[in-house]
Each structure stands twice: as C-alpha cells, then as structure tokens.
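See structure below.
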2 protein chains.
Amino acid sequence: MSDLQKPVRTIADLAKIAGVSAGTVSRALAGNSLVNAKTRKKIEQLAREHDFRPNQMASKLRRQKTGVIGVIIPLGHDRHQQISDTFFMTLLGHLADELTEKGYDLMLRRVIPQQDEDWLDRFIRSGMIDGVLVIGQSNQFDRIEEIADGYLPMVVWGNHQEGQRHCVVGADNRLGGRMAAERLITAGAKRLAFLGDTGPFEFAARFAGARDVADRMGVGIEPVSVHLSPDQTGREIATFLAERRDEIDGIFAASDTIAFACLRELQRMNVPVPQQMKLIGFDDLPIAAQTIPPLTTIHQDISAGAHGMVDLLLRRLDKEDTESLVLPPRLVIRGTA
Amino acid sequence: MSDLQKPVRTIADLAKIAGVSAGTVSRALAGNSLVNAKTRKKIEQLAREHDFRPNQMASKLRRQKTGVIGVIIPLGHDRHQQISDTFFMTLLGHLADELTEKGYDLMLRRVIPQQDEDWLDRFIRSGMIDGVLVIGQSNQFDRIEEIADGYLPMVVWGNHQEGQRHCVVGADNRLGGRMAAERLITAGAKRLAFLGDTGPFEFAARFAGARDVADRMGVGIEPVSVHLSPDQTGREIATFLAERRDEIDGIFAASDTIAFACLRELQRMNVPVPQQMKLIGFDDLPIAAQTIPPLTTIHQDISAGAHGMVDLLLRRLDKEDTESLVLPPRLVIRGTA
DNA sequence: ATGAAAGCGCTAACAG
DNA sequence: CTGTTAGCGCTTTCAT
C-alpha cells in the first residue's frame, strides 16, 4: 500500500531489492531461459510492484537496434500541403497498423529537401531507426538512388523507373495515366489538360501515360502546373479555367484531391460535368464516390501498398535484396467521365 | 576522392583525426561558443568530409532528453478503423507540421487498450519520449486521469468534463450536439436518431447535447450504435434504415465519416435528402462540401486544435500546469439539413 | 544459474 | 579554450 520507498528507476535498483545482480534482472525481464524460474517470478513480481520500466534508450544504445522504423515524407515540390494530403495520410495510417502488428514503433518526420540537402542520410544515420520508409519520391529521385546503394533497409512509395536501384512500391502510374486518357477520349473528349505539377515522378509518369495515348489518338494534351497547398489549388485552377476552359473538354487531374478542387470550381462556374467538361482523378479516395457527380478515377489499393512496403522492409532488415512491387491501377467509372 | 580510410563512426574517431579530445568535438558540433572558432571550423570540415553523424541514441541517453514527442492513438472501442479515420489522420498531419517546426520528432503508436492495460504508462515511461499527445480519449478517460496526476507533459485531444484533471484540447462537443439537434429541428425534423457509439466521451457529449435540446423541444431522440470500421459502418446503417426509417425524419451522425456512409445508404434506398430525411454530421471534413447534397455539419477547427495541443505541451515541458482549451464549434448549413 | 566487468557513444562537470 | 573523467541505464561476454 504505502509507496514511500524511493522509486525503482533502474535495473540496478531492482537488482538490489531482489538481492541479485543487474545482469540477472536484465535476463529475467528479457525472458531469458537461463534464469531460474523461481528467481524470474520473483523479479517479475517485484518489477510489477514497483512499477518498473526499463529505459529503452539505454537498451537500444547497448543493443544497437532500436525497434523503430522511420517514416519520412519529403516535401520537395510543395512545401506545405502533402503531409495533410489525404492519400499520404491514409497510407500512413495503414503503415502504422502494419508496423504495430509487427512490433515496431514508428517515427514520423516531415522534411523540406530544399532546406536540407542531407534529409535522408541524416535520418538513416541518426542511430534512431532500424529502417526507413519514404512516402513519396517528390522530386528527390536521384538522392534516393544514391542512398539505396549503401543502405539496404529502405522502401519507398512511388513510381518505378526502368533500371532504378531503390526498392519501390506503388501503382503503375504510367499505365494509370493511359487508362485515364483513354477514358476521357472514349467519353468524347478531344482536347485534354493535365492538372498537376509534373515535377514529382509519380505525376510525371501519369502525365507521360496520358500523353502516350493522346499522341496515338491524335488528341492534344498539355500539363497545367497546380500546387497542392489548400488555398493555392483552388485559385490556380480557377485562373486556369477562367482563361482556357473553352479550349479544352477533358481534364485529367493528377490526384483526387486536385480533382475535387477542380470539380468545385467547375460547379462554381456552372460548367456542366460531364456534358461540357469530362474529369477524371487518380487515387480513388473513399469520398470519390460521394461528390457531385461522383468522381471517375483511377483506383490505387492503399492497403495492399502499405502491406507490401512493410513486408519488403522486414525482408530487407533480414538482409534480403528485394525487388520492387508494382501494383495494378484500376479504372473506376462514375459520373464525371 | 578516395574513401578507403576506415569510416568515422564516433566522436572519438573524429577527435583522433582532428587531434583534439572527444569533449571538444562534442562541443564544436553542438555549436558551443566556448570552442575556438578556428578549431570549430576545422572539426566541422572534418565531420563533413568523413560524413560523420553523431549517434542520437547515445546523446539522448546521456542528456536524458530525447527531442521526441509521442503521439498515441488508443483504439478502445473500435479496434480497426480510427487510425485510418480521416479526422484523426488530418489532426495528426497538422501535429506533425507543428512539432517539426518546433524541432521535435514524432513517434506514433497505435494501441488497443483492451489488450494492454498499461498502454499509456508504458509509452510515457519508456524513456523514448519527452512528452505525449493522446489522440482521442476513446473509452479510456479514467486511465488518462490517473496518469495525469503524476505526469505533466501530456495533452489529450478529446472532450472536456467538468473538473477533470488532464489537460485536454477539443471542441465543445455538447454545445456542438445542441447546435446539431437545433438545426435538425429548425429544418423541420420531429423524430431524431443519433448515429454513433456513445461509448467514447466525445460522442457521448455530442449525444447529450442533442438530447438536451430534443427534450426541451419535446422531440424524441435515440442513439443507434454504429461501428467505425469501414465495412461495418455501411451495413449497420443499412440495417438500421431498412427497419426504422419510417419512424424518424432527422439523423445526427456522430462524425462526418458516419454521415457520408449514411448519405450513401439513403441514396441507395432512394430516400430524398433533405426532403424526407434531414442529416447533419460533425467535423466538417474538407469533402463535406462536395457530397450530394453537400453535408450540413458542425465545424471543428483542426488546425487550431493541433496548434493548441503543441503549444500547451511545450509549456508543460517547461513545467507549467496549463489549463484545457475548449474550441467553439460552428454550425455550417449546407444541403442536407 | 548467477555475478562481475566492460562497454554502447555521447555529454558535462571539473580542472586547468 | 580544451582535456580528463565519470557516467546515462542497459546488455552481454566471461567466469564461476
């Protein structure tokens, strides 16, 4: 009942009151089978009574292993939004689930590569994490490639390029881009715009895929740079539409988030969708089914992606040099194209 | 160019090649003004050349300070969804932004209190974090209260109860609940249902607020338990509506996420909204403006909430015993009620 | 089965 | 301004 003894903060404290050595306590608490069952019971009991928690920092330092996986989000092109980007946050949620299940903790870091050249190396070599998941290549493809040469336990969410060296998980963006353009054209569009910054590799691949198809079909398509910060997006799209909406009749938005903003602006301008303007997104966020009209888009399986990333990372922690995982995108036809 | 020397892994290695002591290197790298500018330059230069990164684990252990804030999400009532819950994930995104800005790293942990009584204490006393942010009280109010008595640097997102001891940030849920019911009734509803589990305190308060008003206005309201896992939600709502939709004409959904699912089911059943059924949500997620019809809901300022949580936590790290922060909710009238 | 001892890599108090 | 010294709290040989 009374708790006036000085608190038991270290393994040494506990050892003293248990009448054994620190080594034995450490072994007992680690479930080491070498220690006598009776003394182990006693130590466990004492630990509970005194509400003892071993210091993880010390343990990690000594064992040179942290049980922590770093998750890093590079904000290369768009400084602000993106960590608040629904797609990435949903992916993060699934990653947290998967990692927790495997007994790892997750350390989250947001970085702006422009302000810190060394963002990835610094994190990896901080001694705080056993491996790293990079969410999005942003415009940092080359830096990630460099790191991959000397560091195995890294898996990246992003786009797969022919012959790349880092292990990546992601949808086949180019194929998805083709599907999107095909759909717009099938639905009757003749002059397309791609709404999104083509700096990030994933977006670039989506645009490239769309252009493959547009060129083949003899249809024009042009990229329109759009930023992802919540206030900018709407304004930029509005400006674009105000100036050019008569020149196009089909829009491929680089992500659902952009598509939502675009849809809102189109409604504000009373442009009927899909009659006068076809629109297609990318991601298939849960709410894509609930806009007015519901959004036609390219589906990515986020949950499968998260599962794949963690699976590959764990194998890499076991020194296996795994291949990349490219997931098939899927066209979901709803009401906007 | 050539890099065949053995790598410089520790401060001692660097000290040797710099011809100074480890202590000096440590001070130089920490920017300690006591060290000679010239020797500091030299050490920094050498560190760069040899690509040296100090081991954070060792530093943290020695300094008894980690520079890491723990963010923990208790999944008390609904095991699966919730970390993938849009509201919490958005809050998390903002927290990451705020913490990064203040120079802290963020350690994310998802726990299921039923499986681990000790979830909060274990995290706090792991030695890995300087303070903790709890996202959602779930059904763990009492445990959080206990911890608060002996641990200052903790701030919780959730509901404020009269006389509680832990520092909480969140909307005034009861007031929000009142606003919601008032709106439904003003819009003409006479028999209400509350869609959501009343176990979590935030939801309970929303329901209580709604009941305050319903009782005062002589209108019936009953809670309908709904789980938050993505597949369950839809089915449970469908079942409820199939059996009881004739008995009610106004639905207060405990969160926008539930409201979206509800709206979808209503559409599937061809129940006209808002003519035959009024619907109101809670949160005002960005896409609430984009459903068919756009969702009437109670707005919570997530960004202000995140800012408040971090601000309070930092003050608590400075030993200040801060008050809770209750944010005003705001009714946003759109198309569903 | 347990104890003693030697660090993991870094920082900070204390001298000079 | 810099070197020396003594740990932070834990794990793991190496003995016994």
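Chain A is the first sequence line, chain B the second, and so forth, proteins listed ahead of strands; every chain is numbered from 1.
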Checklist entry - Which nucleotide span of DNA chain C, 5' end to 3' end, has atoms closer than 4.0 Å to non-hydrogen atoms of chain A? => result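 On DNA chain C, the outermost contacted nucleotides are C:dA1 to C:dG9.
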Checklist entry - Closest nucleotide of DNA chain D for B:Ala58 versus for B:Arg40: which of these residues is on the 5' side? => result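 Looking at DNA chain D, the more 5' nearest nucleotide goes with B:Arg40.
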Could you check how far [atom1] of [X] sits from [atom2] of [N], rounded to whole Å?
| X | N | atom1 | atom2 | value |
| --- | --- | --- | --- | --- |
| B:Asn55 | D:dC8 | CG | P | 18 Å |
| B:Lys16 | D:dT4 | NZ | P | 13 Å |
| B:Leu61 | D:dA6 | CG | C1' | 14 Å |
| B:Lys65 | D:dG9 | NZ | P | 16 Å |

Item to check | N/O (side chain, B:Ser21) to phosphate O (OP1/OP2, D:dG3) under 4.0 Å | outcome: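 Checking D:dG3 against B:Ser21, a side-chain N or O does come within under 4.0 Å of OP1 or OP2.
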Item to check | Global bending angle along the helix from C:dA1-D:dT16 to C:dG16-D:dC1, which compares the axes of five pairs at either end, to 10 degrees | outcome: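 The angle, to the nearest 10 degrees, is 40°.
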Next on the checklist: Checking side-chain polar atoms at under 3.5 Å, does A:Gln140 have a donor or acceptor matched by the opposite partner on A:Trp119?
Outcome noted: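 A pair is found: one side chain offers a donor N or O, the other an acceptor, under 3.5 Å apart.
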Item to check | No-hydrogen, no-angle side-chain donor-acceptor test under 3.5 Å, B:Asn159 and B:Gln161 | outcome: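 Yes, side-chain donor-acceptor contact under 3.5 Å.
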Compare all side-chain heavy atoms of [X] with those of [Y] and state whether any distance is below 4.5 angstrom.
| X | Y | result |
| --- | --- | --- |
| A:Leu152 | A:Asp321 | yes |
| B:Asp105 | A:Met128 | yes |
| B:Asp311 | B:Leu313 | no |
| A:Pro153 | A:Leu317 | yes |
| A:Trp157 | A:Leu91 | yes |
| A:Val156 | A:Val169 | no |

Checklist entry - Which nucleotide, D:dG3, D:dC10, D:dG9, lies nearest any side-chain atom of B:Gln64? => result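 Nearest nucleotide to the side chain: D:dG9.
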Item to check | Per B:Val35 side chain, nearest of listed nucleotides D:dG3, D:dT2, D:dG9 | outcome: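 Out of D:dG3, D:dT2, D:dG9, the nucleotide with an atom closest to B:Val35's side chain is D:dT2.
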Report, as yes or no, whether the 6.0 Å neighbourhood of atom [atom1] on [X] holds more than 12 heavy atoms from other residues, nucleotides or ligands.
| X | atom1 | answer |
| --- | --- | --- |
| A:Arg53 | CZ | yes |
| A:Arg315 | CZ | yes |
| A:Lys41 | NZ | no |

Please tabulate the protein-to-nucleotide N/O contacts below 3.5 Å involving nucleotides 12-14 of chain D, giving atom names and distances.
residue	atom	partner	partner atom	Å
D:dT12	O4'	A:Arg62	NH2	3.3
D:dT13	O4	A:Arg27	NH1	3.4

